[in-house]
Every structure is written in C-alpha cells, then in structure tokens.
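Beneath this line is the structure, given in structure tokens, with notes to follow.
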Number of protein chains: 2
Amino acid sequence: MENNTEKKYELVINYILSNIENGVFQPHQMIESEMELSKKLNVSRVTVRKGLEELVNNKVLSKRKGKGTFVNPIPKYFGFKSGIGFSSEAKKRGLAPSTKLLSIEKVPANSKVADLLKVPVDTLTWRIERIRYADSVAICYEEEFFDAQIVPEITADTAEHSIYDYLEAYDITFSYVDQKIVAENATEKYANYLNVDVNTALINMEVIACLENGKPFNVGFSKYQTNNFFLVQTIYK
Amino acid sequence: MENNTEKKYELVINYILSNIENGVFQPHQMIESEMELSKKLNVSRVTVRKGLEELVNNKVLSKRKGKGTFVNPIPKYFGFKSGIGFSSEAKKRGLAPSTKLLSIEKVPANSKVADLLKVPVDTLTWRIERIRYADSVAICYEEEFFDAQIVPEITADTAEHSIYDYLEAYDITFSYVDQKIVAENATEKYANYLNVDVNTALINMEVIACLENGKPFNVGFSKYQTNNFFLVQTIYK
C-alpha cells in the first residue's frame, strides 16, 4: 500500500511524534535542523522538509522565520467547535481552559448590538471582554453582550469562568447559535492579546445565541488565532 | 426607541444603501469623501465615519488606504454556507456562479489525500483545481480530490460547472461534510487568484464529504477571501 518515498517521509513524522509523546521534545522547544534530521534519519533534506511540512500543516510544529522549527504548546492539533461554550469545548479535548477578564460593565445597547439582540436601542446589557486560554495558550479575544432583561446579574467571578455553566443553572441555554465568520489581519491590539505577530490572519466570528423561542440572549464578537488549532464543523444534509 | 445620535448615524447608512439600491452608486464605484458626506447630509464627520464603519463591517463598502471608500461588487453582504455546493449556495443568494478550471487530471492519491479519503495510497483520484466566482468576483480557490472508484469520470465541461449537480444525477450525494477551518495570510499565488493584496487574511478550509455509509468520496482544500462576504453556520444544541 505504500511505496518507499511514503515510508521515508513517514519516518520523519513518526520520529517527531514519538519524541513529543515520550517527552523528549517539550512544548515550545526548538527541534533539530533539517540538516541534522537528514543525517540522523538517513533521509534526504527534501524528505525531511516534506515530513516537517505535514506536521506544520497539522499544527504539531510551527516554523518561525530565521529561527527554526518549534513544538506547538498544545500537544496535538485539535478541533474546536467555536462560539459555544469555550470552557466545555476545551475540557472535552483534555485541555485546561482559563480566562482573563479584561472588563465587565452594564451598558446600554448601541444600535448594532440592539439589532442583533432584538431589543430597543439603549436596553441594558452586560458587556464582557475576555481572553480565553487553552493550556495557557491564548486562543481568542471575546467581546460579549448579554441581554440584562434575561440575564439579571453576571459577577466578575462568573465571567472568569464559564458564563454558560452559570446560565444553565438558571435554565438559560441556547437552542441554536448563528455564526458569521470572516478572516482578518491582526491589529496591534489583537496581536498583543493573542501573542501573534501584527498582521497574522485571524478568524473574526460573530455569534448570536438564541433561546428556544428564537430570542437572542447573547451576542459575541471574537478573534481567534489559528496557529495552534482548527475550528471544526460538521454539516448534515 | 432611538436617540438623536442613532438617527443621524442611520441617516448616513440609509443614504448610501438607497443610492446603491437605486443604482446611483454602482459596484466598484468610489463614493463621496467623508467631508463631502458631512456637508451634504449636515452631520458631523464623526457621524459619517460611524455610518461608513458599519457599512464596511457589513461588507457593503470597502476602504482602500490612501484611495477612498468603494461600493462592494457583491451588492449586499451575504452569508455563504461554505464547502458544500458553491454553485447552489451562490444561486440561493441571487448571485451568478461561475468557474475557471485551472487543471483536471487523474492522479494517484498521496498519503494525505489517501488518509482523508480512507483509501490505500496511490488509489486513483480526480484532482481538480478551480477558481469560483459569484457575480464575477473571485470568492475562492479550490483544490479538490474525488475517489475515482466512486466517481468514474469527470470531464472538463462538468468541472467548469457544478460537479455536485453532476454527481446527484448518479445518486452520489453527501450525507455529512466535515470542515476544518483556519485563517492564513495570502501568498502571492492565492492573492493573484483571488484578486487581493499579498498577506490579506484568508479562510483556509479543508472539507471531507461523506456518503451515507461514512465513506468519504470528496476532499477539498479551499482558500476563501472574505472581503466581500461572510461564511455562515448554524449550530443546533
């Protein structure tokens, strides 16, 4: 089923993956150069490059220009169902979620937020800005609004953990979530928050979470870095 | 329900949208400067800027640095369920789909494609490279593979239209589609194909379309520019 070229190139992949698995290669560690790998594994540099390329594509390794090839801090590439319950999505994948709360305030809705929440302009909302981490890696910056008529109180302590877990205790859960996704280049602000270079391509996602009666209770605007992971979706016919 | 500031800022939006609707502003046309709009509509430049910003966010207008503000060629921002049936998605939104076929060939699957299609390496596949357009705007570059054991023949003529329509006639339809989404910066190659600046943030999507029995028959690797539109998804609980 496999020819020689395939086997050689998988040799490189297996060498790296097994060294990550057994802890020889630690997160953030720089691995050997192409030339060193080529000598050690007795394969051509073209073969080394092909193996490394696949691991970069699969988010196991990252290349930094003029520096070298590094082991990604999230130990294996993982798929992330974005926009709904960051904490539970991270936990499902064996990653430790954490949150840095940047701000929490009760503010009147501007026309955009009011429109999305289907409320009159100036209706009170909870506005929450957070950075979400998985295994200490900054994954996304979120600006979220909750309709304060539906969600009467959100404390800083709640916002530092899972707001969705908190809401579930009050029987406020989403029936469906609409997402709009675009790609955009990181400004300095988001590059700093997400620990990426300015201009890095980010996913910009708008999320509207609705109750069973169709009333939106939560809208969010998020910027995801995708250097360490994928977003995943399944669409059924 | 609205205060004065809201009304003024919506004045700007309504002025632009009605001029687009009645054809005064044509696709690709540069609109008036902020100063001209401020005088004409008798509102502050801050208000003009706020209105324009919302229209840029909603993909109705585009700003080009040092040039001005332009009407987007796709007449209204639209949501695009990506990765399944580009032609039918475009048509549903009243846009004319078209396709530029870059290459079509029967090739043995490399290890990555074989893995995704769940076939042995070197199994024959149809490899098709295309650029897809909606209303003459390049939306995405696609590299697709079809398992030639399931899809015996794809002609250039078919590939220039909807392959999914063609397959449906043979009762080959997807039961579900798995997507992986990341953001990436446009290389020169993709910037040229999609008519965007090098380094522009693109959506990079891997799609695996499966038959009812779970066997993948089509894998695709696409780059979407999102300057003119959104990708949309709905997630149900």
(request) Identify the two heavy atoms, one from B/Glu144 and one from B/Asn218, that lie closest to each other, and give their separation to 0.1 Å. (result) OE1-ND2, 3.1 Å
(request) Classify the side-chain pair B/Glu129/B/Tyr141 by whether it contains a donor and acceptor separated by less than 3.5 Å. (result) yes
(message) Rounded to the nearest 0.5 Å, what separates atom CD1 in A/Ile16 from atom CG in A/Leu41?
(response) 8.0 Å
(message) I want to check something: taking the side chain as every heavy atom from C-beta on, are B/Leu211 and B/Ile150 in contact at a cut-off of under 4.5 Å?
(response) yes
(request) Heavy-atom distances under 4.5 Å only: say whether B/Asn57 touches chain A with side chain, backbone, both or neither. (result) side chain
(request) With a 4.5 angstrom heavy-atom cut-off, could you sort out which part of B/Leu202 is near chain A: side chain, backbone, both or neither? (result) backbone
(request) Please flag which part of A/Glu54 lies under 4.5 Å from any non-hydrogen atom of chain B: side chain, backbone, both or neither. (result) side chain
